[in-house]
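Heads up: the structure comes next, in structure tokens.
Sequence lines set the chain letters: A, B, ... in the order given, protein chains first and strands last, and positions in each chain run from 1.
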2 protein chains.
Amino acid sequence: MAPRSALKRQVNRLPPERRISDIMAAAKQVFAEKGYNDALITDIALRAGVVEGSIYRFFANKRELLVKVVEHWFEELLQEDAEQFAAVRGSWNQIRFLVYNHLTSIRRDPALSRLMFQEIRPAPDYRGSRLFDLNRAYTHRLVDVVKAGIASGELRPDTSPSLVRDLVFGCIEHRTWTFLRGEGDYDPAETAEAITNLVYRGVALDEPTSPMESVVARLETATARLEAAAGIAPAKPNSPGPR
Amino acid sequence: MAPRSALKRQVNRLPPERRISDIMAAAKQVFAEKGYNDALITDIALRAGVVEGSIYRFFANKRELLVKVVEHWFEELLQEDAEQFAAVRGSWNQIRFLVYNHLTSIRRDPALSRLMFQEIRPAPDYRGSRLFDLNRAYTHRLVDVVKAGIASGELRPDTSPSLVRDLVFGCIEHRTWTFLRGEGDYDPAETAEAITNLVYRGVALDEPTSPMESVVARLETATARLEAAAGIAPAKPNSPGPR
DNA sequence: GGCGATGATGAATGATATTTATTAGTGCCG
DNA sequence: CGGCACTAATAAATATCATTCATCATCGCC
């Protein structure tokens with residue numbers, strides 16, 4: 001066939017790992033700035049210093065690139081606070097820690113959180129994907145907390161751990177949509193405290209009694225309010241649940 | 001310029017209202033079946049018996065068409081159960097009614113619910129849109145329930161109504177994602193009961209006591225289970241209704 | 001029964017993701 | 001050393017839609 005061009009071509013000779021990470025870094029920026037649909041492969045290629053076609057050597061298509069970028073972010077998220085969490089004692093403090101952490105993660109990376117909620121999770125191939133497993137591990141910490149709380153006799157034995165998980169993470173996501181659309185802000189400490197109190201009352205046999213642990217306390221910006229609320233609570237034991 | 005075609009054209013002469021409703025009906029089907037992105041204007045036009053260009057006489061673009069379709073659906077949803085709800089007494093029953101209704105609406109129209117959650121709500125122009133107002137009205141009923149419950153002394157005075165709203169609707173949406181992706185199902189009655197009990201305990205001064213009202217009971221698909229659970233609850237009459 | 005006005009038509013346009021023919025490098029074998 | 005085959009980068013071409021617009025069918029009016 002006829003030659004397509006007579007121009008001399010510049011060839012990018014960086015090693016593949018480097019080009020991949022350049023592409024992913026560029027993609028992360030562009031997806032975050034413009035969202036999935038408005039992010040152009042051309043933009044990403046330009047910012048990564050490669051040409052469109054090169055992206056397709058490493059990623060099957062635009063969506064796979066998105067998935068890889070979000071996976072990478074989520075993996076970091078998951079590791080970040082594992083040892084901190086291990087030090088927290090008591091159901092109330094543990095729930096609060098996880099709520100606070102989630103609120104903080106969303107606030108730190110609203111654009112990627114949005115991509116996760118809006119583009120990744122609703123997709124029909126989400127279940128079975130790596131991100132599904134990662135997210136499961138992430139939210140499962142709360143399930144374990146509830147199970148442990150039941151086992152130790154602190155929480156009602158008829159509590160459904162997965163329902164608590166949906167209650168907590170659902171509430172957080174619902175509450176953060178305004179922020180995710182760029183229309184407002186929230187105080188993670190204050191919000192975490194309010195959510196935790198409400199949920200804890202729903203699952204505990206007694207009102208919160210665990211001492212505020214230092215790990216958690218350090219995260220607080222509204223400690224005074226918290227202690228006031230803890231003082232109010234009437235300590236009335238509950239009847240055992242249905243079934 | 002040169003004529004574009006020598007073929008005789010068939011002209012659709014239905015009245016505009018009819019063509020608009022045909023287009024919206026077709027769009028509703030196609031969006032529901034394929035989702036926003038994979039729905040082609042060509043498909044919609046074909047199914048509506050009009051030509052692509054005609055759609056643009058009535059709708060500025062594909063997205064406006066989507067918004068109008070979802071608005072239409074949501075408006076019906078909002079009216080449907082207003083008088084039913086008015087008959088429900090007691091915070092527990094009211095919360096349960098709203099939760100049950102939402103779970104049922106999602107289950108009845110998963111595709112449109114998805115479009116609402118995935119395409120409409122995250123958009124930057126959502127706030128200020130008609131759907132924002134409609135959704136606000138929809139969820140505000142729960143806010144009113146909580147406010148009334150506080151006023152009547154049934155619920156804790158330090159309860160945040162908007163937090164309860166986010167807790168409840170967030171939980172429901174989180175819990176329904178599996179179903180929305182077409183991967184499972186749930187029993188609205190059972191789920192509503194579980195959510196309501198958990199949330200109610202978090203906000204109530206005492207354990208749930210309202211009798212199951214007939215309006216709610218009629219909606220049940222798992223009546224037996226519900227009544228068993230109700231049998232357990234200590235029968236203590238409630239303070240009078242809202243306001 | 002011609003004459004504008006109205007609005008329906010569907011081919012053209014434009015924007016983008018993706019594919020592919022082509023070519024720049026790279027190293028091996030003679 | 002110098003062609004030669006292989007790999008991988010390039011950018012032009014293609015494919016897929018949403019959207020626009022020049023044209024024309026139809027209707028009401030005279």
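- Residue contacts shown for Arg63(A) are absent, as no nucleic acid heavy atom lies under 4.0 Å away.
- The separation between Ile41(A) atom CD1 and dT16(C) atom P is 12 Å, rounded to whole Å.
- For CZ of Arg63(A), the number of neighbouring non-hydrogen atoms (other residues, nucleotides, ligands) closer than 6.0 Å is greater than 12.
- Contacts of Ala45(B) with the nucleic acid, taken as non-hydrogen atoms under 4.0 Å apart, are absent.
- In this entry the distance linking CG of Leu46(A) with P of dA11(D) reads 12 Å, nearest Å.
- Checking Leu198(A), Leu142(A), Val199(A) one by one against Leu167(A), the side chain to side chain contact (heavy atoms under 4.5 Å, CB included) holds for a single residue, Val199(A).
- If you take CG of Asp43(B) and P of dT16(D), they are 14 Å apart, rounded to a whole angstrom.
- Between dT19(D) and Arg57(B), no contact under 4.0 Å exists linking OP1 or OP2 to a side-chain N or O.
- If you check every strand for non-hydrogen atoms under 4.0 Å, Val11(B) touches sugar and phosphate atoms only.
- If you check dA17(C), dT18(C), dT19(D) against the side chain of Leu40(A), the one that comes closest is dA17(C).
- As rounded to whole Å, 17 Å separates atom P of dT13(C) from atom OH of Tyr56(B).
- Residues Thr176(A) and Arg107(A) have side chains that never bring a donor and an acceptor to within less than 3.5 angstrom of each other.
- Summarising the geometry, the separation between CD on Glu64(A) and P on dT18(C) is reported as 11 Å, rounded to the nearest angstrom.
- Spacing between atom CD1 of Ile44(B) and atom P of dT19(D) amounts to 10 Å, rounded to whole angstrom units.
- Among dT19(D), dA17(C), dA8(C), the nucleotide with an atom closest to any side-chain atom of Lys62(A) is dA17(C).
- Between His174(B) and Phe169(A), the two ring planes are parallel [angle under 30°; tilted spans 30° to 60°].
- Considering only the side chain of Arg19(B), dA8(C) comes nearest among dA17(C), dT20(D), dA8(C).
- Atom C1' of nucleotide dA18(D) and atom CD1 of Ile55(B) are separated by 11 Å, given to the nearest angstrom.
- Taking the centre and axis of the six-membered ring of Phe85(A), the NZ or CZ atom of Arg141(A) falls inside the cone set by 45° and 6.0 Å.
- Atom CG in Asp38(A) sits about 8 Å away from atom P in dT16(C), given to the nearest Å.
- Under 4.0 angstrom from either OP1 or OP2 of dT10(D) there lies at least one side-chain N or O belonging to Ser54(A).
- At a threshold of 4.0 angstrom between heavy atoms, the contacts of Ala60(A) with the nucleic acid are absent.
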